[in-house]
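See below for the structure under consideration.
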Amino acid sequence: MQPKKYIKINGVMKMNPEYKRWKEMQSGGMPATTVPNPSQALPIISTMEEHEQFNSDIVAAGGKEIPLAESTNATIEMMQEPEISCEAGMVCI
C-alpha cells in the first residue's frame, strides 16, 4: 500500500520519507525525482556572492551572464529602504 506523500513533522508539512523510499522501490531503485536529468545537479545560489561567482564562472567558460529575476532586483531595492530594513530586523540607520 502506498504511504501518504506528505505528512506533518513538528507542525510542518513535509514529504514523507517512507513515501520517498516506497517511490524509489517502485521505480527499481531509481531516485524519486521529477527532474528530467537527475544526474545533472542544479546549482543552488543563496547569496549575492554566490551569484556573482556563478556568473564569473559562466562568462569565463564563454557563456552568457545570467541576470537576477526582476522580482529579486525589486526586493533588493526595497530592502535598502531604511524603514523596511528596520522592520525586517536588519541594521537601522
Side-chain angles (χ1 to χ4, degrees):
M1 182 174 166
Q2 174 181 336
K4 288 184 179 181
K5 187 171 184 177
Y6 295 100
I7 59 172
K8 278 193 176 182
I9 301 174
N10 296 327
V12 178
M13 191 70 95
K14 295 186 176 187
M15 181 177 274
N16 184 353
E18 290 298 318
Y19 173 82
K20 187 174 178 185
R21 283 191 282 278
W22 175 83
K23 189 71 172 171
E24 288 171 354
M25 292 303 292
Q26 296 297 312
S27 61
M30 294 292 294
T33 180
T34 58
V35 177
N37 298 315
S39 62
Q40 295 178 344
L42 296 174
I44 298 174
I45 308 292
S46 58
T47 66
M48 293 301 294
E49 290 79 17
E50 288 176 350
H51 182 262
E52 188 176 316
Q53 182 63 50
F54 180 69
N55 272 328
S56 294
D57 294 345
I58 287 175
V59 170
K64 256 177 51 175
E65 187 172 311
I66 298 174
L68 292 171
E70 197 58 42
S71 59
T72 302
N73 287 331
T75 301
I76 291 169
E77 190 174 318
M78 285 176 17
M79 293 308 295
Q80 292 175 354
E81 293 292 326
E83 183 179 314
I84 293 174
S85 64
C86 281
E87 287 178 14
M90 300 168 79
V91 177
C92 298
I93 299 173

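Here the structure is a predicted model, which means the values were calculated and not measured. Residue indices begin at 1 and follow the sequence shown.
Criterion: ILVMFWY side-chain heavy atoms under 4.5 Å apart, direct or through other members. Under it, Met78 and Met90 are part of a common hydrophobic cluster. Note on Ile58 and Ile45: same hydrophobic cluster, where clusters join Ile, Leu, Val, Met, Phe, Trp and Tyr whose side-chain heavy atoms are under 4.5 Å apart, directly or indirectly. In the hydrophobic clustering of this structure, Met13 does not group with Ile9; members are Ile, Leu, Val, Met, Phe, Trp, Tyr whose side-chain heavy atoms approach within less than 4.5 Å, directly or through other members.
Counting only residues at least two apart or on different chains, no side-chain hydrogen bond (donor to acceptor under 3.5 Å, both in side chains) pair has a member in residues 64-81. Applying the salt bridge (Lys or Arg N to Asp or Glu O under 4.0 Å) test to pairs two or more places apart or on separate chains, those with a residue in residues 2-18 are Glu18-Arg21. Sequence neighbours left out, the pairs with a member in residues 43-63 that pass side-chain hydrogen bond (donor to acceptor under 3.5 Å, both in side chains) are Ser46-Glu50, His51-Asn55, Gln53-Asp57.
Nearest heavy-atom pair, Pro3 versus Tyr19, reported as atom, atom and distance to 0.1 Å: O-CD1, 3.6 Å.
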